[in-house]
Amino acid sequence: MIKDKEVTTSTLRDQCSKTSLHKCLILKAKSFDLLILPVVFHYEENNQTPEPRTMNLILLCLSFSLIFPISHSALQKPPPLPILPIPTASQLQWQLSSMALFFHFGTNTFTDSEWGTGQVDPSVFNPTRLNTTQWVQVAKDSGFNRVILTAKHHDGFCLWPSEYTEYSVKSTSWRNGRGDVVKELSLAAKEAGVDLGLYLSPWDRHDGCYGKTLEYNEFYLGQMTELLTRYGEIKEVWLDGAKGEGEKDMEYFFDSWFSLIHQHQPGAVIFSDAGPDTRWIGDEAGVAGSTCWSLFNRSSAQIGNTDPIYSQGGDPSGHDWVPAECDVSIRPGWFWHASEVPKSAIKLLDIYYKSVGRNCLLLLNVPPNSSGLISDEDIQVLKEFSELRRSIFSDNLAGNAILNASSTRGSIGDSRFDPYNIFKEGIYTYWAPEENVSDWALHLNLQESVSFNVLQVQEPIHMGQRIMAFHLEVLNEDGDWKMVINGTTVGYQRLLHFPNVESQHLKFVIDKSRADPLISYLGIYMDQFSIVNSAFHRSSI
């Protein structure tokens with residue numbers, strides 16, 4: 001076997017006379033990683049020594065490869081370092097889902113109330129046409145791939161047959177007392193490939209142990225364990241600090257709760273006012289701050305007593321990754337009421353811009369009615385909302401642009417950081433500028449004049465949230481660059497809606513960043529449906 005580059009011609013002759021010629025050549029190619037010139041010869045492997053003329057030709061080729069080796073390919077430049085904090089795998093999956101539906105359902109659905117007293121006879125719960133498959137299909141058809149159910153609301157009524165209370169579906173005539181809404185929904189969600197989340201209210205207005213700290217915490221963890229061990233994979237656990245004025249004092253052992261949740265469901269994210277995995281945005285209107293960081297200091301927040309301004313904006317100096325969730329109901333109330341009507345699709349689109357378009361997840365409550373179905377009028381609005389999004393965002397008007405970046409990380413031909421990555425769907429491909437530069441810009445030649453009024457930008461958040469300020473310019477008819485819009489944070493996704501502009505040449509500029517900025521997607525679109533506020537200001541979005 002040939003082992004040394006200092007091999008002599010005579011050694012080659014001896015080695016090659018003892019084995020097949022093509023094996024010798026392959027061996028040499030693997031050993032030295034050198035160019036082997038093609039040699040055509042007529043030799044059958046029959047344990048005979050080749051003709052001297054053939055052997056000389058082979059040795060000539062081998063000699064050339066020894067004298068003129070091909071150098072190893074240039075080593076690739078590694079990706080830039082992530083900037084901390086960064087999301088966990090569960091938080092990434094949560095963020096990528098963008099939207100979820102919330103199902104508020106329980107005895108309140110049948111009593112025309114929002115906060116039940118906990119004293120209502122459970123027999124009022126009787127959804128004669130309940131069909132959780134319809135709920136899940138409505139979600140899926142409307143572009144929502146996660147659903148969350150109020151397994152227990154503040155009134156304490158349980159939508160599963162809990163072993164720790166009689167105040168549940170087992171005390172009703174529905175399904176002859178053997179029904180289980182959580183089970184039916186979990187099976188429907190699994191069948192449809194939709195993620196399931198559950199809300200278990202800490203405040204319980206029914207159970208007598210509420211207010212007895214140790215006893216109630218044991219009770220709560222018992223119910224939580226039932227939910228997390230009976231119904232397959234749970235992707236989100238939702239809880240809050242809501243409690244009416246004048247109610248009993250109660251200390252919740254949140255750290256114990258969180259540990260148990262992650263023990264039973266390691267892939268679940270936990271929502272509360274202050275995380276640990278996702279946080280409340282601070283209002284129930286579905287609106288995030290125009291600056292919205294996923295960075296957050298959990299030590300600066302307290303469940304049930306968090307500053308809404310801090311929650312809305314996050315913290316550029318935060319040590320924890322706790323992205324925001326924007327909850328809002330499609331109707332005025334959270335539970336279904338016959339007298340209420342849903343918001344319009346255009347209103348939902350406006351909320352979408354101010355939630356999903358501001359680095360948040362939109363949690364839209366669509367309450368099932370007293371028959372156990374999503375109401376037709378709600379389904380119609382969701383359908384129109386889906387069609388609006390599809391009409392606006394299905395075609396990136398910059399998709400065929402000629403790109404020029406101020407700089408690009410790595411060597412020429414290294415596609416991992418190429419600016420054209422910004423037209424690829426997903427966050428795991430991105431443009432990265434060269435290190436130690438402060439000029440960060442992407443020039444787009446659309447090849448023809450295009451009208452648009454929406455900008456979409458995304459960062460590869462698995463590398464951390466970086467961008468602190470950016471703006472978009474267009475080249476006007478006079479040959480001057482004119483600013484169209486500017487913004488602050490980007491995160492997973494930023495959507496900016498502004499008055500119509502028309503141009504062939506665009507310039508996207510990052511003005512400030514916590515580290516070298518990275519762009520995973522950039523798009524421009526035309527929204528022909530929304531009306532820009534007359535008080536629009538280029539730096540107010």
Side-chain angles (χ1 to χ4, degrees), residues 79 82-102 136 139-148 189-190 192-198 233-238 262 265-271 275-281 286 288 292-296 314 320-327 348 351-364 385-386 389-390 392-394 396 421-431 455-467 489-495 518-523 525:
I83 181 168
L84 299 178
I86 58 175
T88 64
S90 299
Q91 288 174 318
L92 269 177
Q93 185 184 32
W94 172 89
Q95 187 89 64
L96 294 175
S97 64
S98 295
M99 299 189 300
L101 281 193
F102 213 170
V136 171
K140 194 169 184 178
D141 290 346
S142 305
F144 297 77
N145 56 14
R146 175 168 298 206
V147 297
I148 300 175
K190 182 178 180 180
V194 170
D195 292 339
L196 175 65
L198 297 174
E233 188 173 20
I234 305 300
K235 286 294 190 178
E236 184 165 352
V237 175
W238 218 89
H262 281 149
Q265 294 286 344
V269 296
I270 302 172
F271 167 94
D277 300 311
T278 73
R279 74 179 193 266
W280 185 42
I281 196 58
C292 189
W293 291 95
S294 293
L295 282 63
F296 196 72
D320 305 303
W321 185 276
V322 189
E325 190 165 312
C326 297
D327 59 326
L348 293 186
I351 293 172
Y352 181 83
Y353 279 123
K354 295 173 181 177
S355 55
V356 176
R358 291 180 177 177
N359 187 38
C360 299
L361 182 141
L362 171 60
L363 179 58
L364 179 63
F385 176 43
S386 179
R389 299 194 320 273
R390 187 180 302 111
I392 296 167
F393 297 106
S394 61
N396 183 356
N421 287 336
I422 68 170
F423 295 144
K424 296 178 181 178
E425 296 285 347
I427 65 170
Y428 296 104
T429 55
Y430 52 87
W431 165 67
L455 172 68
Q456 177 188 18
V457 189
Q458 291 184 272
E459 290 185 86
I461 56 172
H462 62 292
M463 304 291 285
Q465 189 175 354
R466 297 164 179 251
I467 295 174
T489 49
V490 173
Y492 172 60
Q493 182 167 226
R494 188 67 190 268
L495 296 172
L518 308 174
I519 303 295
S520 59
Y521 196 78
L522 189 146
Y525 307 91

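Throughout, numbering of the chain's residues begins at 1 and tracks the sequence.
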Side chain to side chain, [X] and [Y], heavy atoms closer than 4.5 Å:
X    : Y    : value
I148 : L363 : yes
P323 : L361 : no
L364 : M99  : no
S98  : Y492 : yes
W238 : L198 : no
E459 : I467 : yes
I392 : Y352 : no
Q93  : D195 : yes

message = Test side-chain contact (heavy atoms from CB on, under 4.5 Å) on E325 and R279; report intermediate values, then the result.
response = CA-CA 6 Å; E325 190 165 312; R279 74 179 193 266; over 6 Å; no
Please check if the side chain of [X] supplies one atom and the backbone of [Y] the other of a donor-acceptor pair under 3.5 Å.
X    : Y    : result
K140 : A192 : yes
Q493 : G357 : no
N421 : W431 : no
D320 : P85  : no
S520 : Q458 : yes

Restricting to non-hydrogen atoms, name the atom on [X] and the atom on [Y] that form the minimum distance, rounded to 0.1 Å.
X    : Y    : value
D277 : Q91  : O-NE2, 2.9 Å
S90  : P266 : OG-O, 3.8 Å
T278 : V322 : C-CG1, 3.7 Å

key: Partners meeting side-chain contact (heavy atoms from CB on, under 4.5 Å) with S355 (sequence neighbours left out)   =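 side-chain contact (heavy atoms from CB on, under 4.5 Å) list for S355, sorted by chain: C326, I351, L362.
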ask   = Have S386 and D141 got a donor and an acceptor in their side chains that come within less than 3.5 Å?
value = no
ask   = Can you check side-chain hydrogen bond (donor to acceptor under 3.5 Å, both in side chains) on Y521 and Q456, steps first, answer last?
value = CA-CA 8 Å; Y521 196 78; Q456 177 188 18; 4.8 Å; no
